[in-house]
Protein chains: 2
Amino acid sequence: MQSERVASRSADQRDSSRESRNGTPQLDAVSLAIIQQLQEDGRRPYAAIGKAVGLSEAAVRQRVQKLLDQGVMQIVAVTDPLTVGFRRQAMVGIHVEGDVESIADVLTDMSEVEYVVMTAGSFDILAEIVCEDDDHLLDVINKRIRALPGVRSTESFVYMKLKKQTYMWGTR
Amino acid sequence: MQSERVASRSADQRDSSRESRNGTPQLDAVSLAIIQQLQEDGRRPYAAIGKAVGLSEAAVRQRVQKLLDQGVMQIVAVTDPLTVGFRRQAMVGIHVEGDVESIADVLTDMSEVEYVVMTAGSFDILAEIVCEDDDHLLDVINKRIRALPGVRSTESFVYMKLKKQTYMWGTR
DNA sequence: TCTGGGGTTGCGGATTTCGCAGATGTGGCG
DNA sequence: CGCCACATCTGCGAAATCCGCAACCCCAGA
């Protein structure tokens, strides 16, 4: 059993508490391996994960709990919104004048906004919106987003068909 | 216990096997409620879910399994790729000439491509790319995507900061 | 060398998962 | 209307898993 260990646990491996400049904890190889296991199946038993990554069941459990508490990962059910009754989705590109981050914060607080990212492209912000129908979508884009002070202009990309949606980073 | 039931199980509730035109199964209110529970916590015990939605533990288990098998939802760990060692992400807007769907299919098969959606905006396709560094990203965009026959032009939006990422549809 | 703290391990006991057999209910058909 | 076929739900043991806890290990600092 000892022989199945990923590696000798020393040096660069043990520092799962160190933090990089942006405040997010640095992950060691073992935690990464645990995350990979849970990306394949979020309900995989701790014991099975432990066997795969070379740790006891209890150790895996504690690390998973910590990753959850730290917000490094979340274990959730994901669906294609279209099958769950949300008929309209769109990506909205936003041109901002002034403080980009404060606009992003406002978007983050909107429940219809699913995804917000600041970019270095011709848009300052990309936001994904999930709505129940056209009226709802129109309302969010025109009345709620375009109306924000600091939003210079927007461009919308209404979704026609979701082709791929994975959560398998590192598993490839 | 009987009194906690969501509703009298009849009529519009029972047809979880009917399919809408696009081939995706139609979900009834109970399955929706189960999904909501799992969107809050992907590891929530079946018994707890059953209590919440008014079903026995075994029934919940069967429905969850079916939703998984049908591909309606998946239970997985999701992370911010930046904390897991992927330094560069980008959204790529693509202008296509000819068959859009076949291009989308090719993108879907690329492991670096995380998300593919066909849109009705000025781009035909939006694809999200997750890479380890700049070289990798450049390689994927220039050598792999732009090189595809049928791709007329692309525009990239490199991610600077991920502000929001949720999976709470229906929970609001 | 001693001490402190983070991380790991090894345990029971409580809880959950799993498989199965039986009950229930609905739709189709003679 | 009666009856069968099919899908779904329930109840229940057995097995596996989860969970909390105390002991242990190892490295770093005093």
Side-chain angles (χ1 to χ4, degrees), chain A residues 1-20 24-35 37-38 40-70 72-77, chain B residues 1-19 25-35 37-38 40-70 72-77:
Chain A
M1 191 198 282
Q2 283 286 90
S3 61
E4 286 185 20
R5 290 292 164 73
V6 168
S8 63
R9 184 169 299 90
S10 59
D12 63 8
Q13 272 222 34
R14 203 201 58 275
D15 53 355
S16 59
S17 61
R18 205 195 312 171
E19 305 209 350
S20 54
T24 51
Q26 201 70 355
L27 302 179
D28 61 32
V30 178
S31 289
L32 235 31
I34 291 175
I35 291 175
Q37 293 287 318
L38 290 169
E40 290 173 18
D41 175 6
R43 272 183 172 261
R44 185 162 297 169
Y46 296 131
I49 298 172
K51 205 162 333 188
V53 307
L55 235 53
S56 71
E57 176 270 341
V60 172
R61 176 157 38 92
Q62 290 169 111
R63 288 178 92 124
V64 168
Q65 192 54 53
K66 195 199 265 191
L67 291 170
L68 257 22
D69 291 342
Q70 287 174 152
V72 172
M73 71 170 182
Q74 40 184 330
I75 300 176
V76 294
Chain B
M1 189 198 282
Q2 283 285 89
S3 62
E4 286 186 20
R5 288 292 165 72
V6 167
S8 64
R9 186 168 298 92
S10 59
D12 62 8
Q13 272 223 35
R14 199 204 61 275
D15 54 355
S16 59
S17 60
R18 206 194 311 171
E19 306 210 346
Q26 201 70 354
L27 300 179
D28 62 31
V30 178
S31 289
L32 235 32
I34 291 174
I35 292 175
Q37 293 287 318
L38 290 170
E40 289 172 19
D41 175 5
R43 273 183 171 258
R44 184 162 298 169
Y46 295 131
I49 297 172
K51 206 163 333 189
V53 306
L55 236 51
S56 70
E57 176 270 338
V60 172
R61 176 157 37 94
Q62 289 165 36
R63 288 178 94 120
V64 168
Q65 191 55 51
K66 187 155 136 186
L67 290 170
L68 257 21
D69 291 342
Q70 287 175 151
V72 173
M73 72 171 180
Q74 40 184 330
I75 301 176
V76 294

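Within every chain, numbering begins at 1; the chains are lettered A, B, ... in the order of the sequence lines, protein sequences first and strands thereafter. Being a predicted model, the structure only gives us computed values, none of them experimental.
- Among C/dT8, D/dT10, C/dG7, the nucleotide with an atom closest to any side-chain atom of A/Leu55 is C/dT8.
- Between A/Lys66 and C/dG7, a side-chain N or O to OP1/OP2 separation shorter than 4.0 Å is present.
- In this entry the distance linking CD1 of B/Ile49 with C1' of C/dT16 reads 12 Å, nearest Å.
- Checked against side-chain contact (heavy atoms from CB on, under 4.5 Å), A/Arg44 has the following partners two or more places apart in sequence or in another chain: A/Gln37, A/Glu40, A/Asp41, A/Ala48, A/Ile49.
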For nucleotides 16-21 of chain D, 5' to 3', base contacts (B), sugar-phosphate-only contacts (S) and non-contacts (-) with protein non-hydrogen atoms under 4.0 Å give -SBBB-
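- Across all non-hydrogen atoms, the minimal contact from A/Gln74 to A/Leu68 is CA-CD1, 4.1 Å.
- The residue from A/Gln62, A/Arg61, A/Lys51 that alone fulfils the side-chain contact (heavy atoms from CB on, under 4.5 Å) condition with A/Tyr46 is A/Arg61.
- At whole-Å resolution of the value, CG in B/Leu38 and P in C/dT17 are 10 Å apart.
- Look at CD on B/Gln65: it is 14 Å from P on D/dC9, rounded to the nearest Å.
- Across A/Ala77 and B/Met73, no two heavy atoms sit closer than the pair CB-SD, 3.9 Å.
- Atom CD1 in B/Ile75 sits 4.5 Å away from atom CG in B/Leu38 (nearest 0.5 Å).
- Residues A/Ala59 and A/Leu55 share a closest heavy-atom pair of CB-CG, 3.7 Å.
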